[in-house]
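Let me begin by handing over the structure; questions about it come next.
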Amino acid sequence: MLIFFLVSLMASTVGAICGIGGGVIIKPVLDLLHLEEVATISFLAGCTVLSMSCYSVGRAMLARERRVSLSTGTPLALGSAAGGLLGSQLFAAVKAMFASPNAVGAVQAVCLAIVTAGTLIYTLRKSQISTLQVANQAACLLIGLALGCMSSFLGIGGGPINLVVLHFFFSMDTKTAAANSLYIILFGQLFSLLTTIFTQTVPPFRLLVLVLMIAGGIGGGIIGRTLNKKLDNHLVDRLFIVLMVVIIGISIFNSIRYSMF
């Protein structure tokens with residue numbers, strides 16, 4: 001049981017620092033350890049990310065921090081919420097296509113490896129890439145929709161792609177992108193969870209595991225928020241790059257292992 005708490009704590013700490021939610025770490029690590037079924041891991045990771053982002057965003061608002069741009073962040077978040085609904089339905093459709101849950105895990109692992117690799121390449125070359133300054137709210141909704149759908153389907157509750165999108169389309173620096181990413185993740189995960197509940201597609205899970213992971217998510221939010229204030233953008237970028245390499249490696253391993261069973 002302790003492993004669930006430790007994984008969620010460490011993942012949420014890094015997630016709060018980098019603005020990636022933590023699900024992008026929790027999902028592949030728990031898949032690697034094979035402690036629960038694929039659908040259960042996605043559900044638990046989503047709940048953990050929701051608890052961490054809820055704490056982080058709530059604390060930032062109470063402290064009146066101005067990193068979140070509500071004019072762009074809110075339509076992005078609403079689009080992400082709608083995308084989360086689509087992503088949940090897409091996951092259910094893919095799951096229904098395969099008799100074995102391992103096949104679904106393989107599909108998720110391959111997609112996550114590809115998305116993360118693209119994110120890593122962009123991050124390494126972003127100083128050479130010209131960025132945009134999107135202000136149109138309809139465009140923000142569509143971008144958020146794509147983010148939410150991808151995150152929900154992969155079961156990562158946000159993830160590295162958020163930072164790439166926020167940097168490229170909105171010219172945000174690393175810390176500003178991290179704050180806005182958590183705001184987007186909060187909406188997306190909340191609506192994804194509500195959809196899962198209302199459609200009665202909640203997978204079987206152990207209540208104690210859920211409680212431990214939520215506790216780890218909140219604890220990680222507290223620690224990560226504190227560390228984020230002390231680290232500069234350069235250090236956050238380096239942590240992000242190392243994290244991407246690790247996630248790609250784990251995802252490739254998971255895809256191979258799932259495809260063998």
- Query: Does some side-chain heavy atom of I20 sit less than 4.5 Å from a side-chain heavy atom of F240?
  - Reply: yes

**Same apolar cluster (I L V M F W Y, side chains within < 4.5 Å links), L166/L145** = no

Practice problem: Check whether L32 and V115 end up in the same hydrophobic cluster, where Ile, Leu, Val, Met, Phe, Trp and Tyr are linked by side-chain heavy atoms less than 4.5 Å apart. | Solution: yes

State, yes or no, whether a side-chain contact exists between L112 and M150 at a heavy-atom distance under 4.5 Å. no

> Around atom CD of Q128, are there more than 12 heavy atoms of other residues, nucleotides or ligands at under 6.0 Å?
Replying inline: yes

message: Do D31 and K27 have side chains that approach each other closer than 4.5 Å (heavy atoms only, starting at C-beta)?
response: yes

Minimal heavy-atom distance between S71 and Q137, with the atoms involved, is O-NE2, 3.6 Å

Do the side-chain N and O atoms of Y183 and T74 include a donor-acceptor pair separated by under 3.5 angstrom?
yes

Report task. Say whether N254 and S251, considering side chains only, have a donor N or O and an acceptor N or O under 3.5 Å apart. Result -> no

Rounded to the nearest 0.5 angstrom, the CD1-CD1 distance for I114 and I248 is 11.0 Å

Taken to the nearest 0.5 Å, the spacing of D173 CG from D237 CG works out to 9.5 Å

### Query
Passes side-chain contact (heavy atoms from CB on, under 4.5 Å), Q108 versus S42? Steps please.
CA-CA 10 Å; Q108 284 185 312; S42 294; 3.7 Å; yes

### Task
Assess whether side-chain contact (heavy atoms from CB on, under 4.5 Å) is satisfied between Y258 and V38, documenting all intermediate values.
CA-CA 10 Å; Y258 276 130; V38 172; 3.7 Å; yes

In this structure, CD of Q189 is separated from CG of L193 (nearest 0.5 Å) by 8.0 Å

Taking every heavy atom of I25 against every heavy atom of I247, the minimum-distance pair comes out as CG1-CD1, 4.3 Å

Note: A16 and L182 closest approach over all heavy atoms is O-CD1, 4.1 Å

Between P28 and I250 the two heavy atoms that sit nearest each other are O-CG2, 3.5 Å

Distance col, row K126:NZ vs T119:OG1, nearest 0.5 angstrom, shows 11.5 Å

### Task
Determine yes or no for a side-chain-to-main-chain donor-acceptor pair under 3.5 angstrom, with T40 supplying the side chain and P203 the backbone.
no

Is the closest side-chain heavy-atom distance between S8 and L212 below 4.5 Å? no

Report task. State whether the side chain of S181 and the backbone N or O of A177 hold a donor-acceptor pair below 3.5 Å, judged by distance alone. Result -> no

- prompt: So, the side chain of T176 versus the backbone of R67: is there a donor-acceptor pair under 3.5 Å, distance only?
  reply: no

Main-chain N/O of F168 paired with T131 side-chain donor or acceptor, under 3.5 Å
no

Check for a donor-acceptor pair, side chain of S259 on one end and backbone N or O of S255 on the other, with a separation under 3.5 Å.
yes

Assigning hydrophobic clusters by single linkage (Ile, Leu, Val, Met, Phe, Trp, Tyr; side-chain heavy-atom cutoff under 4.5 Å), is Y122 placed with V134? yes

Worksheet entry | T196 side chain to S192 backbone, donor-acceptor under 3.5 Å | yes

Item to complete: Could you tell me whether the side chain of T72 reaches within less than 4.5 Å of the side chain of S69, counting heavy atoms only?
Response: yes

Minimal heavy-atom distance between L154 and C111, with the atoms involved, is CD2-CB, 3.5 Å

Kindly determine whether M52 and I218 satisfy side-chain contact (heavy atoms from CB on, under 4.5 Å), including the steps that lead there.
CA-CA 5 Å; M52 184 278 286; I218 295 173; over 6 Å; no

Using a 3.5 Å distance criterion without hydrogens, assess whether the side chain of R59 forms a donor-acceptor pair with backbone atoms of G221. no

Q | Side-chain heavy atoms of M213 within contact of L30, under 4.5 Å | A | yes

**Prompt:** Is it true that L86 and F43 fall in one hydrophobic cluster, defined by side-chain heavy atoms closer than 4.5 Å?
**Reply:** no

Margin query: Show, in sequence, the C-alpha distance, side-chain angles and deciding distance for F91 and V104, and conclude whether the side-chain contact (heavy atoms from CB on, under 4.5 Å) test is met.
Written below: CA-CA 8 Å; F91 177 80; V104 183; 3.5 Å; yes

Exercise for review: Consider only side-chain heavy atoms of I, L, V, M, F, W and Y, link residues closer than 4.5 Å, and tell whether V107 and V110 are in one cluster.
Suggested key: no

Item to check | Heavy-atom donor-acceptor pair, E36 side chain to F205 backbone, under 3.5 Å | outcome: no

Between K95 and A39, the two heavy atoms sitting closest are NZ-CB, 3.7 Å

State whether the number of non-hydrogen atoms from other residues, nucleotides or ligands found under 6.0 Å of F170 atom CZ is greater than 12. yes

To the nearest 0.5 Å, atom CG of L76 lies from atom CG of L70 at 11.5 Å

Do any N or O atoms from the side chain of S12 and from the backbone of L9 form a donor-acceptor pair under 3.5 angstrom? no

Here the gap from R238 atom CZ to T123 atom OG1, rounded to the nearest 0.5 Å, amounts to 14.5 Å

Q. Can you tell me if N233 uses its side chain to pair, donor with acceptor, with the backbone of K175 under 3.5 Å?
A. yes

